[in-house]
Structure formats: structure tokens, C-alpha cells
Number of protein chains: 2
Amino acid sequence: MPSLPAVPDGKRPTLTDLAARAGVSVSLASIVMRGAKGAGAATRERVLEAAREIGYRPDSRARLLRSSRSHLLGVQFDLQQPFHADMVEALYTAAESAGYQIALSAVAPSRSEQHAVETLLTDRCEALILLSPHAPVSRLTHLAAQLPVVSVARRLRPRAQDVDVVRAADDEGARQAVDHLVALGHRDIVHIDGGRAPGAADRRRGYKAAMNRHGLADRARLVPGGLTEDHGAAAARTLLADASRPTAVLAFNDHCAIGVLDTFLRAGVAVPDEISVVGFDDSHLARLAHVDLTTVGQEVPELARLAVERAVARLEGEATEDDREIVVTPRLVIRSTTAAPFRI
Amino acid sequence: MPSLPAVPDGKRPTLTDLAARAGVSVSLASIVMRGAKGAGAATRERVLEAAREIGYRPDSRARLLRSSRSHLLGVQFDLQQPFHADMVEALYTAAESAGYQIALSAVAPSRSEQHAVETLLTDRCEALILLSPHAPVSRLTHLAAQLPVVSVARRLRPRAQDVDVVRAADDEGARQAVDHLVALGHRDIVHIDGGRAPGAADRRRGYKAAMNRHGLADRARLVPGGLTEDHGAAAARTLLADASRPTAVLAFNDHCAIGVLDTFLRAGVAVPDEISVVGFDDSHLARLAHVDLTTVGQEVPELARLAVERAVARLEGEATEDDREIVVTPRLVIRSTTAAPFRI
DNA sequence: CTCCAGGACTAGAACGTTGCAGAGGAACAG
DNA sequence: CTGTTCCTCTGCAACGTTCTAGTCCTGGAG
């Protein structure tokens, strides 16, 4: 015999069941359940009581089907990026306070962006918030022809038609980091970059510009890196093998910086005594007590709030056409991996 | 070619639009779009072509509303746990090959489990897969009275009524780790535990039992730890402050182990030369080239497959009542943080 | 030639909601 | 007492699908 149905009757209770139980019409039950006005206090209480008794739960699909607005924002994120995890959390609360809901779709090695977006679309999301999307600009514009699209943390150049961008000022962040290091007395500052990752080009540019401005153009040096600990570790090994070791390193992101830290540690190079390290993102990794990494904060809650705000503005037709890009100034968070350089 | 705006009036195209465009009835268009049989080859092609032209996309909400089955599995996961990220990825593929879809709902400091489950329920998920849920057993059984519930990685004792459990044999994993260390020649093996975290009690038990079996009962030693790097780092500091330092450490999970590694590194204690370290989970953290942590693998794809399989079995009434718990044997992955102890 | 099987196609009723157009009353102003 | 207004409540038609029960063919068996 097949296992017993989860619920006695097997069926999940509907508005009709609820209405019957409370002895009112379906419409009235609906009114009560969504807290609309137009129901008497006594009846309201009776309906709510009945709902509790039979364990009634509104069916969001039917609800959304009926009202043409779904109030759903689709969010595409990468399961392996802590920065995305932080963003998703912030997006939940930002969306909630704007009266919207979030539908998540994950990207992973075995699940492409294309696939992720596909499911969000069939779920009838009204707008898409894509975290550091890698898709070609052509695909993004094609999407944007169908519904509002916000790209977070990935700058689009040339600006993609109809695609909104919310991002941190990566160049400015790199500048802040360099300024901080220079103020401490550093002159040999290396940047381990992020290759083709979203934001990497801007961080490179900001780094170079800042070095120039401090008259250190000839000391500027880029080392190829990437987004992961492994990339950082490899770059750090390159630096260690070198005759002239820098006194400070600006890594592409926190992950990368941690790879750097770890490699230095293993090689017996003291941080920050012998070398200073700065990360980027201020993800929760950086905040771990034993890491305590100086890093450039991306103001996650702010980015999330703006992304939602922009998506909603497009949906309600409030946004103008000439402010497609919102840039948030990052904020340097000084912790314990930077200090004045070792003087000879 | 960049197709033109979906439909003149800006509305997303529906089956009716598609049918009109292709010159067939709505029913037939539906048949073609879901690949059912009952349509001629020529017509089929014509409808598909029309769908491409107007950019038609089925509306999953309407679809699910109509067919009483939603084929949706709700997954609750923690944004901050890498192990969960790995599981989610595996769940996507497992569900897909079982003909089901996944709806994600995240747990985070600012978003409770209760809230996460709430949204999954209103989304009409047919079953719930909860990754290391912390909810009290009473709430789980209450949920399970409404729909099939699978708890992954959290053992429920006493067995909760109607709740399925899929988990790794945590005690067995701890045993494997201890056996490995003993085989290498270690005798002073410490376990940094996970407190009240799901699985922690079993790992403690497995550790103690293994130590007993090797006649090392009097050397067994527990140090309070936890799930994060910080917990591991704190525990490691305790060990370092001690007069008699162990030669090997079994940490509660990879995160914790990494905190331990880092602290040892900073203190100039060489791993594995002076002390061996073993983690738990084989999350991608452990696989990073510069970490290369010996760890107990949880067989993520297998856990995911079984969780989906079990949920589906309940839904289709195929599962019996007396095999509520599925236990998967973990597998020790030996990397480079373990070696024979330093001999005096 | 008749009959029937079966393939291609269609009409219309669900699914669980919400929104709209009203039906009854009670309260109140005139 | 009449008319008006407001409030509570109801019935019914959507929303975009799928499903059931057909209709209308074509062609092959008898």
C-alpha cells in the first residue's frame, strides 16, 4: 500500500475550502486573506480563525497568474562567490521593503547563465538582477528588450542598450587602497589583477592612475591573478621568487588576497611587518578574526538597495533614459594586514 | 537576428497569441509546446517557428496551476556554507534528471529558516529538502504532516515522525580519519568539535569510539570548536598555549580546519611536519591547491541524488514507512596536511 | 462498399486566485 | 417617509495553461 498522503484529504486547502468553512463567499475570503478593506471586523476574525484551523495558505502562483503583476524580481547569482552570497542576503531585504519578492537562480560549473536566466523568465519575473554576469553584451541587450535588466558589479562598455548597471567605482576603490599604502610610506606596490573578470579592468586603471599621481609610475607593476585563492597563491609565489620584492600588494579581491596571505605565511614572510596586503570586496572572509584583512568595501547593502530601486523604477516607468549607470563609491576598511613598510 | 519586441503591445506573448500566429487552436499549440504527441510533423514545425518569431515562453505559473502536480522541490540552504553551495549545485542536476525543478530559498543571518520555508510553501513546492536544518523537531514533524520533508545532513533523534533523513555516516567518517592518523603513527589526536551543529554529536562519538578501539581512550581529548574559521583559530590557540601539544587534529569541518591551519602557520608550527590536520566535508575549500587539506568527503552528488530520490518516492507513494533514514558512507580524501608524526 | 481504427485537430471546462459590478441593508439627512 | 451614502458581502469573469471529450478526416480490412 502506498504511503499515506501527507494531509488527511491529500489536497491542500484552497480559498473555496476556506470560504465554505467560514461560511462566507470566496471573494470575501480573498479580501480577508490579503488584508484588503471591505470586510467586517467580526467576519474577518472568523475567516482568519478558519484559515488557522484548516491550515490555509494562499497559492502564490494562482495569485500571480490572476494579477498581471507578479512583483517578482529574478536574481542570478554564482554559488561559489561569497560576495554574491552577501548580495543575495541584502537583496532579499531590499526587495521586501520595496514590496517585491525574490526568485533565485544559481549559476555553477554545471549550470550556465543562460539556463539560469531561462528559468527566471519562465517563472514570470518582472525584472532581472544579474550579479556579475558574464554573458555577451548582445545577449544582455536582447534580454533587455523583453524586460528590465540590471547588471550588478559588471560595467558594460560600450553601454548596452536598455541595460542598467549598478556597480562600485572600482577605479576609485583601487585609488583609495593605493593612497592608503602610499600614506603609510609604501612605494613598491604591486597589483595582482583579475584578468577579464568584471571590474578587473577598472581596478587596473585606478591602480595605475593612482601610482602615476604619486609619481610612482615607474614602480607600478601588474602580476596576472584571478578570482580565487589559487590565483592569489600562484601570484604570490611569483613575487617570492623575484629578486626585488614589493612592500605592498593590492589583490583583485578578498579570495585572491587570502591566497596571497597564506603563501606569504608559509614562506615565513610576515604580514604586515614585511609586506602589506589589501583585498577587495569586504566579504565576510575578510572579517574573520584571524584574517582581519584590510580591504576595499563594496557597500553591499547599498548596491542591493540601488539595484532593486532601479529595477522597480523601470517597472513603474519612473526612470529616465539617461542615467543608465549608478556608481557607488567604495570605502576602504582598514584592518590589520597593512602597516608602514619595513625600513632599512 | 535580434528579434523584434515580442508583441506589439508590449505584453508578453501567450499561448493564444502563438496559436493565432500559427493559425491553429490553443490546444494544439499547447500540445506542440510541451512536446506531447498528437500533432502532425508539418504543423509542429510551423508552431515552433511561430514561437521563435514572437519569442513565446510558457508561463510556468499557469502551467503549474492547471496541472495539480507542480513538480517543484523546495530547497532551503544557508548562503554562508560552502557545503550547501556544493549541495545546491548537485541538487539541481539530480532534480532535473528526475523530472523535477528546484525552487531555492536562502537562510542568512537576516532571514530565518521559518521565513525560508514559508515562501517555499506558498510557492506550492510539492516537497521540501532542508539542508542542515536547525528547526526544532516539533516544527519539522508539523511540516511533514503537510508534505514530504527530507532533512539532509541533520540526524533526527528520536526519529521525527514522517521526516526523512539523508546524511553521511558522521561517526564512520570520524573513525576513518582516526584510523588514518593512527596508521601513520599518531597517538595524541585531538578532536575540535562542532558543539550543537548537526552531525557534531556523531562525529564526537565516532572519534571517541575509534580512539577506544585503538587503545587510546586515555589520550582522547575534545576541544570546543564550531563551524567557522574563527572557531578553528580559537581552538588552535588553545592547543598552542598548552604544554603537551597533540601530533594530530581532527577538525569539525573544512572551515574550522582552515582556521586551525592558519593559526598554526602563523605560530610557525609546520603542517604536516609537526602536526597533522584533517577536515570534514571535502568542500571546494579543501581542494584549493595551496590548502590541499586531508578531509572526510561527504559524497555530495550521492547525497543530493538520494535526497531527491527519496522526496520523489514519497510523492509518488513508492516509499515504505520503515526506511526513514538513509546513511551514506563517507570517504577519506588524503591530501597533504597529514603525515607521520615527528619522532623524538 | 461499409465499417472502424486511429491520427490530426478543436472546443470548452477546469486550476486557485483577484477585480469588478452590483445586491442588500443600515444609518442618516432632508 | 424618501432618497442617498456607505459598508458588507456576493457572483462572475478573467489570468494562461492543460486535459477531457469530442469532431472530422483518411485509409485499410473485411
Side-chain angles (χ1 to χ4, degrees), chain A residues 7 9-48 50-51 54-72 101 121-126, chain B residues 6-7 9-48 50-51 54-72 99 101 121-126:
Chain A
V7 172
D9 146 346
K11 279 295 194 182
R12 156 177 178 154
T14 99
L15 255 193
T16 316
D17 301 332
L18 174 58
R21 172 86 178 208
V24 298
S25 72
V26 175
S27 312
L28 190 53
S30 166
I31 287 174
V32 172
M33 288 320 289
R34 76 190 116 103
K37 64 172 188 178
T43 331
R44 192 175 289 273
E45 194 38 60
R46 189 153 41 91
V47 172
L48 289 175
I54 65 175
Y56 170 77
R57 241 174 237 292
D59 178 337
S60 69
R61 312 198 107 83
R63 171 175 286 182
L64 298 186
L65 174 59
R66 166 59 218 212
S67 46
S68 51
R69 297 289 312 272
S70 76
H71 281 252
L72 248 193
Q101 282 208 306
L121 288 179
T122 53
D123 279 350
R124 269 226 184 284
C125 292
E126 292 191 273
Chain B
V7 163
D9 78 0
K11 277 293 197 183
R12 162 177 177 152
T14 98
L15 255 193
T16 315
D17 301 330
L18 174 58
R21 172 86 177 210
V24 298
S25 72
V26 174
S27 313
L28 189 52
S30 166
I31 287 174
V32 172
M33 288 320 290
R34 76 189 116 103
K37 66 172 188 178
T43 331
R44 193 173 288 271
E45 192 41 57
R46 190 152 42 91
V47 172
L48 289 175
I54 66 174
Y56 170 75
R57 240 175 239 292
D59 179 336
S60 68
R61 283 162 207 286
R63 171 175 286 182
L64 298 186
L65 174 58
R66 168 59 219 204
S67 45
S68 51
R69 298 291 312 271
S70 76
H71 282 253
L72 249 193
Q101 283 209 306
L121 288 180
T122 54
D123 279 350
R124 265 222 186 287
C125 292
E126 293 190 274

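Chain letters run A, B, ... following the sequence lines, proteins first and then strands; every chain starts at 1. Keep in mind the model is a prediction, meaning the values are calculated, not measured.
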Visitor: Taking N or O atoms only and anything under 3.5 Å, show me the protein contacts with nucleotides 24-27 of chain D, one pair per line.
Guide:
none

Visitor: Do the non-hydrogen side-chain atoms of B:Q101 and B:L64 ever get within less than 4.5 Å of each other?
Guide: no
Visitor: I need the minimum non-hydrogen distance between A:R12 and A:P58, along with the two atoms involved.
Guide: NH2-O, 3.4 Å
Visitor: Polar pairs (N or O, both sides) under 3.5 Å between protein and nucleotides 9-13 of chain D?
Guide:
| from | atom 1 | to | atom 2 | distance (Å) |
| --- | --- | --- | --- | --- |
| D:dC9 | OP1 | A:T43 | OG1 | 2.6 |
| D:dC9 | OP2 | A:G40 | N | 2.7 |
| D:dC9 | OP2 | A:T43 | OG1 | 3.0 |
| D:dT10 | OP2 | A:S25 | N | 2.8 |
| D:dT10 | OP2 | A:S25 | OG | 2.9 |
| D:dG11 | N7 | A:S27 | OG | 3.0 |
| D:dG11 | O6 | A:S27 | OG | 2.8 |
| D:dC12 | N4 | A:S27 | OG | 3.3 |

Visitor: Among residues at least two apart in sequence or on other chains, which ones pass salt bridge (Lys or Arg N to Asp or Glu O under 4.0 Å) with B:R63?
Guide: none
Visitor: Which value, rounded to the nearest 0.5 Å, describes the distance between A:R124 atom CZ and A:L72 atom CG?
Guide: 11.0 Å
Visitor: Please work out if A:T14 contacts a base, only the sugar-phosphate, or nothing of the nucleic acid, heavy-atom cut-off 4.0 Å.
Guide: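 Sugar-phosphate only.
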Visitor: For A:L64 and D:dC15, give me the distance from atom CG to atom C1', rounded to whole Å.
Guide: 11 Å
Visitor: I need the A:R61 CZ to B:L65 CG distance, nearest 0.5 Å.
Guide: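 These two atoms lie 9.5 Å from each other.
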Visitor: In degrees rounded to 10°, what angle is found between the helical axes fit to the five outermost pairs at each end of the helix from C:dC1-D:dG30 to C:dG30-D:dC1?
Guide: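 Answer for the end axes of this duplex: 50°.
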Visitor: Show every donor-acceptor pair shorter than 3.5 Å between a side-chain atom in residues 36-44 of chain A and any protein atom, with sequence neighbours excluded, or say none if there are none.
Guide:
| from | atom 1 | to | atom 2 | distance (Å) |
| --- | --- | --- | --- | --- |
| A:R44 | NH2 | A:A36 | O | 2.9 |

Visitor: Between B:S30 and D:dT18, is there a side-chain N or O to OP1/OP2 distance below 4.0 Å?
Guide: yes
Visitor: Shoot me the first and last contacting nucleotide of DNA chain C against chain B, ordered 5' to 3', at under 4.0 angstrom to non-hydrogen atoms.
Guide: C:dA8 to C:dG16
Visitor: What is the distance from atom CG of B:D59 to atom OG of A:S70, rounded to the nearest 0.5 Å?
Guide: 9.0 Å
Visitor: What residues, two or more places apart in sequence or in another chain, satisfy salt bridge (Lys or Arg N to Asp or Glu O under 4.0 Å) together with B:R46?
Guide: none
Visitor: Restricting to salt bridge (Lys or Arg N to Asp or Glu O under 4.0 Å), what partner residues turn up for A:R69, sequence neighbours left out?
Guide: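 Testing A:R69 for salt bridge (Lys or Arg N to Asp or Glu O under 4.0 Å), a comparison that skips the adjacent residues, returns A:E126, A:E316.
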Visitor: Between D:dG16 atom P and A:R63 atom CZ, what is the distance in whole Å?
Guide: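 My rounded result for the distance is 18 Å.
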Visitor: Does B:T16 have any side chain to side chain contact (heavy atoms under 4.5 Å, CB included) partners at least two apart in sequence or in another chain, and if so, which?
Guide: B:T14, B:V26
Visitor: Using heavy atoms to find the nearest nucleotide of DNA chain C for B:L65 and B:A29 separately, return the residue whose nucleotide is more 5′.
Guide: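 First, find each residue's nearest nucleotide; the 5'-ward one identifies B:A29.
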Visitor: Taking only residues two or more places apart in sequence, or in another chain, which ones meet B:R57 in a salt bridge (Lys or Arg N to Asp or Glu O under 4.0 Å)?
Guide: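 In terms of salt bridge (Lys or Arg N to Asp or Glu O under 4.0 Å), with neighbours along the sequence ignored, B:R57 is linked to A:E118.
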Visitor: State which residues pass side chain to side chain contact (heavy atoms under 4.5 Å, CB included) with B:A22; sequence neighbours excluded, sorted by chain then number.
Guide: B:V24, B:V47, B:A50
Visitor: Could you give all pairs that pass the salt bridge (charged side-chain N to carboxylate O under 4.0 Å, His left out) test and reach residues 20-32 of chain B, with sequence neighbours left out?
Guide: B:R21-B:E53
Visitor: What integer distance in Å separates B:R69:CZ from D:dC19:P?
Guide: 12 Å
